[in-house]
Each structure stands twice: as structure tokens, then as C-alpha cells.
Asker: 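Let me give you the structure first, and then I'll get to my questions.
In the text below, chain A, chain B and the rest are named by the order of the sequence lines, each starting its count at 1.
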Amino acid sequence: MSPDEKDVASRDERYDPQRIETKWFERWQQDDSLYRAESPSTRPKYYVLEMLPYPSGALHMGHVRNYAIGDTLARYMWMNGYNVLHPMGWDSFGLPAENAAIQNNTPPREWTLRNIANMKAQMKRLGFAYDWSREVTTCLPDYYRWNQWFFLKFYEKGLAYRKKSKVNWCPKCATVLANEQVVNGCCWRHEDTLVEQRELEQWFLRITNYADELLRDLDKLEGWPEKVRVMQRNWIGRSAGALVDFQLGGAAGAAGSTITVFTTRIDTIYGATSVQLAPQHPIVADLTANDAALRAKIDQLIAEQRKAREIGDIGAIEKHGVNTGRYAVNPFNGEKLPIWVANYILMDYGTGAIMSVPAHDERDYEFAKKYKLPVRLVIMPLSSNPEETMVEPPLPFTTLDGILVNSGPFNGLDCEEAIKKMTSHAEEHGFGKATVTYRLKDWGISRQRYWGTPIPMLYCDKDGIVPVPEKDLPIILPENVDITLTGGSPLSHVPEFLNAICPKCGGPARRETDTMDTFIDSSWYFYRYTDAHNDKAPFDGKNIAYWFLIDQYIGGVEHAILHLIYSRFWTKVMRDLGLVSNDEPLQRLFTQGMVIKDGAKMSKSLGNVVTPDVMIARYGADSARVYTLFATSPDRELDWQDEGVEGISRFLARLFRLVNLKLCFNKDEPGWKAPVPTDLSPTARAIQRKLHQTIKRVTQDFQGRWHFNTSIAALMELVNTINAAPGIEQGTPGEQELPAPLRRELARDLILLLAPFAPYLAHELWETLGEKGNLLRAPWPKYDPALAKEDEIEIPVQINGKLRSRLLVPAGANEEFVRERALADEKVRAAMNGKQVAKIILVPGKLVNIVIR
RNA sequence: GCGAAAGUGGCGGAAUUGGCAGACGCACCAGACUUAGGAUCUGGCGGGGAAACCCGUGGGGGUUCGAGUCCCCCCUUUCGCACCA
């Protein structure tokens with residue numbers, strides 16, 4: 001063989017991912033119907049969705065992992081005959097585009113669209129099977145016009161309103177944030193930037209109208225991780241209790257005004273020994289009107305609260321307060337209680353005022369001890385021993401397992417009953433009522449930024465707030481806006497946008513110049529995928545009826561209370577608008593783990609970033625994809641190791657050579673397409689058994705826990721097993737231990753099992769094998785339980801629980817046989833050393849344990 | 001502080017229900033082929049020991065014929081919540 005010939009041969013034998021992937025990439029580019037979902041269709045549907053990315057410029061490994069999981073699942077479902085909807089889009093409004101525009105002097109639209117083009121090319125190169133005919137780009141008018149349309153519907157229903165209030169302001173973003181976007185008092189985008197409070201007039205969506213339903217329906221979401229459900233439950237923070245009015249008394253002014261407290265424990269009200277106000281409580285201003293010294297002390301409390309918020313540990317600061325010298329009257333017993341202002345009372349929860357019951361509340365107890373306020377026991381614990389009922393508990397005693405004492409007419413009631421009766425009592429006498437408070441607040445959606453959906457509202461001097469008529473939608477976001485100007489929203493500096501005509505009176509009107517929070521875009525985008533080009537409506541209900549619910553949603557857990565609660569809210573409103581009939585959008589949610597390297601999140605500053613482009617160039621897309629699935633199970637954190645990708649690349653090369661050179665070296669050989677004979681040699685039979693066991697394992701991984709790492713390990717085992725077959729190296733049929741039909745079956749099923757994980761290589765080998773049809777529509781292989789079954793098994797023999805020997809017995813061997821073989825075993829006899837058998841534990845097919853004395 | 005998840009070789013990780021701990025891969029060691037090897041193949045690879053054996057799944061106790069798996073206490077890590085009245 002000349003050197004030239006050798007080179008040619010070695011090139012063919014080598015797994016060359018660049019050659020293979022480029023070839024298929026080009027073919028797939030030419031056929032945009034490959035991954036198109038059928039709609040309408042009578043076939044069973046499967047809607048699998050990964051969270052759409054923000055087009056930041058390039059994909060990172062977290063994206064690759066997320067989309068590899070979804071793509072693998074989508075391909076598996078296709079091969080199982082489902083009509084799969086697997087779309088992709090771009091969450092493309094948002095602040096980074098504006099920042100980039102300022103830095104690079106590129107308009108946000110241009111920057112964004114360029115990033116989209118780049119990331120879309122990366123996705124295609126990675127072989128992700130998306131139905132691009134349904135692509136959704138939220139920053140384009142054909143999408144955001146429906147944000148505006150929805151906004152008008154919300155407004156008609158009273159679900160969108162404008163109010164002036166204290167709002168979260170991020171100085172770096174130069175805009176308002178929703179409560180959900182504030183993390184530990186800081187901006188979710190700028191973790192070191194403390195959010196300020198500003199008084200602004202803003203648009204809000206009434207998500208609190210749905211608080212109860214959002215909470216209740218969490219119980220229905222059985223396909224969601226419990227972790228996410230707990231986070232949403234906490235965020236909604238429902239708390240049932242009562243409001244009670246305390247009349248203000250005292251020497252000066254404001255007589256007759258009241259302080260309303262919120263309590264969940266009205267049953268302890270006879271134990272109240274003070275009233276505590278948040279330092280920002282409005283009535284505090286009256287109380288301090290003539291007392292500069294007191295005012296100064298209260299300002300100090302406010303400063304302490306702010307400090308605590310900065311530290312991020314609100315619970316850890318010392319409780320501290322000041323006595324105002326005034327008192328309030330307990331409406332149940334007429335008692336005069338001193339009014340204090342304290343740093344542990346929060347203005348943004350309940351009413352910002354509480355009754356302090358030291359005997360039955362941790363915090364009140366701590367505070368009362370510090371300031372020597374009286375502690376009055378009003379609940380006695382129930383004891384299982386009736387003789388001991390009246391033993392005083394250690395304080396504070398905070399549970400509901402007790403009965404009332406020192407509580408006038410309510411003495412003797414148990415706590416639960418007392419809460420009901422005392423609430424009614426307060427209602428009947430007009431000084432209180434049952435109420436429910438939530439931690440969830442209405443969703444503030446105004447943003448003082450340019451790159452977002454314009455809010456379709458007008459301000460007319462004569463008619464006030466006027467919605468833009470539906471026929472005038474979309475309100476187009478103007479181009480060529482100078483976004484560097486300060487003072488108000490960027491759009492307020494654009495006269496041709498700002499100035500409009502009032503549709504009611506025809507007079508001049510001003511447009512709203514704030515834009516919408518981008519979480520609106522992602523709250524309903526997955527409905528748009530079902531009908532992406534509809535220009536009459538956001539979507540057609542027919543399509544929703546077929547495609548919804550989304551069968552599987554896959555993304556990071558960081559959106560547990562942002563995107564995922566807004567999306568649920570949006571669906572419920574759409575249902576009440578009659579647009580959809582489902583109560584929830586997502587049947588199942590899967591949150592994949594983060595990708596880290598060297599123990600830390602990949603980041604430029606740490607220099608530990610691995611980019612998809614480099615991985616593709618070095619190993620190919622298949623290796624990068626398979627590695628992200630093999631390194632660990634999808635729900636866990638993935639610790640990236642470059643050597644690991646190397647190992648996967650070697651595995652794919654081994655598989656390539658096995659199929660290409662050893663299993664189907666000659667497709668014309670006689671009997672190639674014949675059925676697999678039943679009289680296989682023991683070696684061939686063992687390999688056939690391994691094949692069926694592998695099909696079983698991989699199939700079960702898809703149906704169960706999605707532990708694709710073990711699926712891929714199973715494929716490796718299969719490849720190793722076949723490679724170890726005697727004579728497999730020989731390129732001539734006569735010397736093969738494995739008959740041609742078995743080799744064909746092995747190759748075929750191996751390729752099918754590989755197809756969801758490594759689509760490029762699978763397609764290449766499918767063609768090598770001479771198969772014509774679309775691999776994505778080829779049926780998933782079925783295992784034959786009879787062929788998967790072992791006919792001889794190894795049984796460990798233990799003596800007193802310690803392994804002493806192993807027996808090789810036929811699979812169905814009866815107990816007596818196994819017992820005798822075990823007792824006759826040489827190693828066992830030696831280990832028993834003539835001792836007496838006390839007991840023999842025999843687990844059929846599993847083990848023998850001989851207990852000796 | 002409260003709640004959840006996790007802790008297994010040098011590393012990533014297997015071990016669906018209590019039944020042979022360490023599958024699979026990486027790294028490493030030895031060998032083969034080779035002008036060469038960062039290619040490929042073969043073998044080895046938890047610790048101790050010459051071996052028989054002994055020890056070993058964060059630590060301590062328990063249940064069981066048998067525990068990585070179940071129960072109790074403790075430690076560590078990650079995540080969530082955190083004066084929510």
C-alpha cells in the first residue's frame with residue numbers, strides 16, 4: 001500500500017465530526033419542513049418547550065445544556081410517533097440592547113437582530129430541531145402589538161390601572177423594577193446595587209386579584225418541582241387574620257383617629273400590652289408633629305431598617321423602638337396601651353401596625369423584655385393530662401394548642417374557636433373584620449426605558465387617561481431615538497411620538513412614554529407559537545385547544561417566581577377574557593442545573609468560560625451535546641471538564657468505527673437483510689441479549705427520571721460488548737462470530753438509540769447503513785423481554801452478611817437447588833468452618849445469606 | 001433562625017423497590033502497534049496486606065439475616081425563605 005492509499009483509507013476510517021456535521025448541516029438547511037409541526041393534525045401531540053433566550057450575542061453552555069435536553073426529548077417523541085411542537089424564539093426587548101447601543105453606537109434594533117442571527121446560526125449548527133416557521137421575536141411589531149392589545153383588554157377589565165406610589169428604582173438601570181425583580185433589596189440585574197424607593201406614577205396589573213387562585217392551583221401542578229411550588233407559595237404569602245381598630249387617645253391633637261392593626265392571633269388580644277408602629281406609618285407624622293426629639297429618634301429607626309436591608313439580614317438586627325408617650329385603646333377591654341414605634345415593624349406588610357402580645361409572640365417577647373413592658377399570659381397550653389391543665393408554659397407560648405384565660409367573656413375557648421368568635425365580635429361592634437393579606441403585590445409594569453413595548457395610552461387635558469383605540473395598534477416604537485438623554489423616559493424626548501390626538505375629543509393629547517416590563521413578552525409567547533403569523537388576533541383558540549397544555553417546559557430555576565408566576569397569571573386572565581379554556585399553561589416543568597467550571601459559575605472575570613463555538617470547532621456539536629447529557633443528570637449542577645468532552649468524542653469515534661467498519665463492512669453480503677436466526681452461538685446470543693437490555697434501559701430512562709447520563713453509559717457498554725466479540729475485527733463474513741442479520745440489527749438499533757443524543761452521527765451512520773427514510777420518523781426500537789432475559793445468573797453467597805462466594809445458576813433455578821449448591825460450595829464450607837447453620841435467607845434470583853452460630 | 005436538597009475512589013458520577021458498593025467516563029500506571037503519537041488497542045486502577053483476609057458510601061448510634069439506601073442525633077455544602085405580625 002502506498003502512503004497515499006493509506007492516507008485515504010485512514011481518512012475514511014476516522015471519525016471526522018467536521019466533515020459529517022458540515023454535510024448534514026447543509027442538507028438540513030435546505031429543508032425547512034424537517035421539524036415542522038403538523039397543524040391541524042389528528043395525531044397525538046407533544047408540545048416541548050425550552051425557555052426562550054435573551055439575544056445577548058452568543059449562546060453559552062447553559063443554553064446548550066437547556067436546549068440539548070429539550071432537543072433530545074423532542075427527537076425521542078418524534079421517533080415515538082408524536083406530532084411534536086418544538087419552537088424557538090427571542091425574548092428580545094430589554095435593557096442590554098440599550099447599553100450596547102450606547103457603548104457601540106449601534107441602534108438597539110440593529111444590535112438585537114444581529115445577535116439573533118448569530119445565535120440562530122449557532123442553534124442550527126448545534127443541530128437543534130426547531131420549527132423555525134413559528135419563530136417569535138418579541139421586539140418586532142407583529143408580536144408586541146399583541147402586548148398592546150392585551151394591555152387594552154386588561155384595562156377594559158379593570159386589571160390595568162395607574163397609581164402613584166413608592167416604587168423600586170434601580171439607579172443603574174435608571175428605571176422602576178417590579179417587586180419580583182428586587183432580590184435582597186438589590187436589583188436582579190445588578191446584585192450589588194441597592195434599590196431605592198421613589199414616588200412615581202405607574203401602571204400596574206392587578207395580579208393580586210388572582211392571588212388566591214394562583215395559590216390554590218399550585219396544588220394541581222403535580223408535574224412541577226416541589227421546590228418551585230414552595231417558592232411561589234412563599235411569594236404569594238397568603239395570611240388570614242383580622243384587622244382591629246384601636247382608638248387613639250392622649251393629651252394632644254388627633255383625638256378620634258384610629259390605628260388599624262393586622263393580626264393572625266386575635267385570640268391573644270387580651271394579652272396585648274402595647275401597639276407597635278412601623279417608623280414610616282402615616283400616623284407617626286401626627287404623633288411627632290410637635291416633638292423634634294422624637295422625630296429624630298424615629299429617623300434613626302428608619303436608618304437602622306435601611307442598614308439591615310443593605311446587609312440583607314433583616315432578621316438579625318437588634319429590635320429597637322421608642323415610646324411615643326401616646327396610647328391607644330384596646331377595643332375588647334378598654335385598656336390603654338402605650339404606642340411605640342419600632343424598627344422591626346414593616347410598613348409594606350399588613351397595615352404597618354401591630355398589637356404587641358409578648359406572652360405569645362417571639363418578637364414581641366424579645367422586645368418587651370428589652371423595654372420591660374408587661375407580659376400577660378392569656379393562653380394556657382392543653383395537656384394530655386387533665387390534672388396538669390393549668391401549668392404555666394415557658395414563654396413565649398406561640399402555638400394554637402391552648403385555651404383562653406384572662407380574656408373576659410372568651411375564657412375557656414380554644415384558640416381556633418376564639419379566633420372565629422372574637423373576629424365576629426369585632427365585626428358586630430364595628431371595630432374590626434376578618435381579612436386576608438398577601439405578600440404578593442400588584443405587578444408594576446412601567447419602565448422608563450426605550451427598548452420595550454410602548455404602552456398604548458394617551459393623556460388628554462380634557463378627557464384624562466384615554467386608551468388608544470384597538471384599530472390604531474400597533475403603536476410603533478420609533479427608531480433613531482437618542483437614548484442617552486436624561487430626564488424622563490427616552491420616548492418623552494421624541495415629539496413625533498409624544499404628540500397625538502385624543503380619540504375622544506380630537507384635541508391634542510400626550511402619549512404614555514414609558515414602555516412595558518419585558519416579562520410581559522414572555523408571559524404569553526408560548527401561545528403565539530401555535531399561530532405565529534396571525535395578524536387578526538394573538539392566536540386562534542382552535543390551535544390552543546389542540547396544543548395546550550404545554551407537555552414539557554424546560555428551563556432554569558431562576559425564573560421560579562418571575563416568569564413562571566406571571567405566565568400563570570396571564571393564562572388565567574386570558575381564560576377570563578374567553579381566549580383560552582385552560583387554567584394553567586404548563587403541564588410539566590423541568591428545571592435543569594447550572595453549568596459551572598472549577599467550582600464556579602462560568603464568567604469572563606474568572607476566565608473559566610467555555611464557548612459552544614470552540615467546542616464545536618474542536619469536537620463537533622454531537623460531542624458537546626452528548627457531553628452535557630453524560631456528565632451528570634439534567635437536574636443537577638454540571639461541573640464542566642474539557643477532558644470529559646474528549647472522552648465522549650472518543651466514544652463517538654469508537655461507535656463510528658464499530659458500525660462503519662465492523663458491523664456493516666459489506667452491505668451486499670448474503671443474508672444481510674434476513675431475519676436474525678434463533679440458533680445463535682452463545683457469544684452471539686449474549687450480544688443480542690445486551691442489545692435488548694440496552695434498549696430497555698435507554699427507553700426507561702426517557703420514560704422515568706431523564707437520567708440520560710445512564711442512558712449514554714448503557715450505549716457505551718453496548719459498544720464495548722460488541723467490540724469484544726471474537727472475530728469482530730475480521731473484515732470477512734466467513735470468520736465472523738456474529739451472523740450478518742444480527743450485525744445489521746445491532747447497527748440499526750444502535751443508531752436509533754443514538755439518534756436523540758447525537759443527531760449528526762446518527763444520520764450519517766443511518767445513511768451508511770443504506771437506510772432511506774427520515775431517521776427522525778423511524779420508529780424507536782422495542783426490546784423483547786425474552787431476548788433481554790439472562791439465562792444464567794450469578795448469585796452471591798454471604799455468610800452472616802459477608803460475601804464469601806458466588807454461584808452460577810440457571811435463571812429459573814429453584815430454591816432447593818440453589819440452597820444445596822450454596823452449602824456444597826467449597827469456599828462456603830471453608831468459611832463456615834464446621835459451624836452450625838442457624839438460618840438460610842434465600843432471595844430468589846438475588847442472593848443467599850447463610851446465618852451461622 | 002426556619003424549610004428543602006445533597007455529601008460515595010484522585011475527579012465527574014452508577015447502584016428505580018433494603019440484597020455483590022464503585023457501572024460508565026476522565027485522570028493515572030503498565031504493555032502492544034509504531035519513524036513518531038496528544039491516534040488506536042490490551043490489561044490494571046477504593047484503602048491496608050505477601051497472602052488468607054480486614055477496612056470502606058460525611059461523623060456517631062439504632063433497626064435488620066443483610067443498610068449508600070430505613071430511623072434518631074450531629075457536622076458540612078448548596079438552594080429557598082427570613083422580624084410577614
Asker: Find the distance A:H320:NE2 to B:C83:C1' and express it as a whole number of Å.
Answerer: 15 Å
Asker: Round to the nearest Å and state the distance from A:Y344 atom OH to B:C83 atom C1'.
Answerer: 8 Å
Asker: Whether A:R804 contacts B:C54 is assessed here as follows: a side-chain N or O lying under 4.0 Å from the phosphate OP1 or OP2. Is that the case?
Answerer: yes
Asker: In whole Å, what is the span from the CD1 atom of A:I799 to the C1' atom of B:G19?
Answerer: 16 Å
Asker: Donor-acceptor pair, A:R689 side chain versus A:K789 backbone, under 3.5 Å?
Answerer: yes
Asker: When all nucleic acid strands are considered with a 4.0 Å heavy-atom cut-off, which category describes A:N720: base, sugar-phosphate, or nothing?
Answerer: sugar-phosphate
Asker: OP1 or OP2 of B:A85 less than 4.0 angstrom from a side-chain nitrogen or oxygen of A:S239, does that happen here?
Answerer: yes
Asker: Measuring only the P atom in each nucleotide, how far is B:A50 from B:G43? A whole number of Å is fine.
Answerer: 27 Å
Asker: Taking atom types as modelled, is there a side-chain donor on A:Y15 or A:N660 under 3.5 Å from an acceptor on the other?
Answerer: no
Asker: Is a side-chain donor or acceptor of A:K227 paired with a backbone partner of A:W224 at a separation under 3.5 angstrom?
Answerer: no
Asker: Hey, can you tell me if A:Y270 and A:F332 have their rings parallel, tilted or perpendicular (30° and 60° cut-offs)?
Answerer: perpendicular
Asker: Between A:R705 and B:A15, is there a contact of a side-chain N or O with OP1 or OP2 at under 4.0 Å?
Answerer: yes
Asker: Looking only at atom types and distance, does a side-chain atom of A:R821 sit under 3.5 Å from a main-chain N or O of A:V809, one as donor and one as acceptor?
Answerer: no
Asker: If you find the nucleotide of RNA chain B closest to A:I561 and the one closest to A:G352, which residue's nucleotide is nearer the 5' end?
Answerer: A:I561
Asker: Parallel, tilted or perpendicular for A:W706 and A:F590, by the 30°/60° rule?
Answerer: tilted
Asker: Does any N or O in the side chain of A:H360 come within less than 3.5 Å of the main-chain N or O of A:F397, such that one atom is a donor and the other an acceptor?
Answerer: yes
Asker: Starting at CG of A:L564 and ending at P of B:G80, how long is that distance when rounded to a whole Å?
Answerer: 15 Å
Asker: Output yes when a side-chain donor or acceptor of A:N709 lies under 3.5 Å from a complementary backbone atom of A:A631, and no otherwise.
Answerer: no
Asker: Taking only nitrogen or oxygen atoms into account, show me every contact under 3.5 Å that the protein makes with nucleotides 60-68 of chain B, one pair per line with its distance.
Answerer:
unit_1: B:C65; atom_1: O2'; unit_2: A:N849; atom_2: ND2; d: 3.2
unit_1: B:C65; atom_1: O2; unit_2: A:N849; atom_2: ND2; d: 2.5

Asker: Suppose you measure atom C1' in B:G18 against the same atom in B:U69; what distance do you get, rounded to whole Å?
Answerer: 6 Å
Asker: Using atom C1' of each nucleotide, how far apart are B:U34 and B:A15 to the nearest Å?
Answerer: 41 Å
Asker: Check the phosphate of B:C41 against A:N723, side-chain N and O only, distance under 4.0 Å to OP1 or OP2. Yes or no?
Answerer: no
Asker: Please answer whether the main-chain N or O of A:L652 pairs with a side-chain N or O of A:D622 as donor and acceptor at a distance below 3.5 Å.
Answerer: no
Asker: Judged by each residue's nearest nucleotide on RNA chain B, which is more toward the 5′ side, A:A631 or A:R265?
Answerer: A:A631
Asker: Hey, mind stepping through A:V261 and A:F246 against side chain to side chain contact (heavy atoms under 4.5 Å, CB included) and telling me if it holds?
Answerer: CA-CA 8 Å; A:V261 307; A:F246 284 63; 3.7 Å; yes
Asker: At under 4.0 Å between heavy atoms, how does the protein contact nucleotides 44-52 of chain B? Give one character per nucleotide, 5' to 3', with B, S or -.
Answerer: ---------
Asker: Which is true for A:E366 with a 4.0 Å heavy-atom rule: it touches a base, it touches only sugar-phosphate, or it touches nothing?
Answerer: nothing
Asker: Taking only the P atom of each, what is the distance from B:A32 to B:U17 in whole angstrom?
Answerer: 47 Å
Asker: For B:G60 and B:A67, measure between their P atoms and round to the nearest Å.
Answerer: 15 Å
Asker: Using a distance-only test with no angle check, is there a side-chain donor-acceptor pair under 3.5 angstrom linking A:N723 and A:K662?
Answerer: yes
Asker: Would you measure the distance from the C1' atom in B:U42 across to the matching atom in B:G49 and give it in whole Å?
Answerer: 28 Å
Asker: Can you give the donor-acceptor pairs under 3.5 Å from side chains of residues 338-345 of chain A to other protein atoms, not counting sequence neighbours?
Answerer:
unit_1: A:N343; atom_1: OD1; unit_2: A:H320; atom_2: N; d: 2.9
unit_1: A:N343; atom_1: ND2; unit_2: A:E304; atom_2: OE1; d: 2.8
unit_1: A:N343; atom_1: ND2; unit_2: A:E318; atom_2: O; d: 3.0
unit_1: A:Y344; atom_1: OH; unit_2: A:D364; atom_2: OD1; d: 3.1

Asker: If a protein heavy atom is under 4.0 Å from the base, mark B; if only from the sugar-phosphate, S; if neither, -; do that for nucleotides 2-11 of chain B going 5' to 3'.
Answerer: ---------S
Asker: Counting only pairs under 3.5 Å, give me each side-chain donor-acceptor contact of residues 690-698 of chain A, with atom names and distances, residues two or more places apart or in other chains.
Answerer:
unit_1: A:K690; atom_1: NZ; unit_2: A:E717; atom_2: OE1; d: 2.8
unit_1: A:H692; atom_1: ND1; unit_2: A:D784; atom_2: N; d: 2.9
unit_1: A:Q693; atom_1: NE2; unit_2: A:A788; atom_2: O; d: 3.0
unit_1: A:Q693; atom_1: NE2; unit_2: A:E790; atom_2: OE2; d: 2.9
unit_1: A:T694; atom_1: OG1; unit_2: A:K690; atom_2: O; d: 2.7
unit_1: A:R697; atom_1: NH1; unit_2: A:E717; atom_2: OE2; d: 3.3

Asker: Please tell me whether A:F651 and A:F630 form a close aromatic pair, meaning their ring centres lie under 6.0 Å apart.
Answerer: no
Asker: Without swapping roles, check the side chain of A:T263 against the backbone of A:R265 for a donor-acceptor pair under 3.5 Å.
Answerer: yes
Asker: Using Watson-Crick and G-U wobble pairs whose two distances are both under 3.5 Å, how do you write the pairing of RNA chain B as dot-bracket, with | for links to another strand?
Answerer: (((((((..(((......[....))).(((((.......))))).(((....)))..(((((..]....))))))))))))....
Asker: When we call it a touch if two heavy atoms are under 4.0 Å apart, what does A:F630 touch: a base, just sugar-phosphate, or nothing?
Answerer: base
Asker: Taking only the C1' atom of each, what is the distance from B:G59 to B:C75 in whole angstrom?
Answerer: 7 Å
Asker: If you check every side-chain atom of A:T710, which of B:A15, B:C26, B:C41 has the closest atom?
Answerer: B:A15
Asker: OP1 or OP2 of B:A27 sitting under 4.0 Å from any side-chain N/O of A:R650?
Answerer: yes
Asker: Please work out if A:G350 contacts a base, only the sugar-phosphate, or nothing of the nucleic acid, heavy-atom cut-off 4.0 Å.
Answerer: nothing
Asker: Distance between the C1' atoms of B:G66 and B:G80, in whole angstroms?
Answerer: 38 Å
Asker: Give one of base, sugar-phosphate or nothing for A:I345, where a contact means two heavy atoms less than 4.0 Å apart.
Answerer: base
Asker: I want to check one thing: is the phosphate of B:A14, taken as OP1 and OP2, less than 4.0 Å away from some side-chain N or O of A:N709?
Answerer: yes
Asker: So what does A:Q700 hit on the nucleic acid, given a heavy-atom distance under 4.0 Å: a base, only sugar-phosphate, or nothing?
Answerer: base
Asker: Closer than 3.5 angstrom, by distance alone: can the side chain of A:S805 be matched with the main-chain N or O of A:K827 as a donor-acceptor pair?
Answerer: no
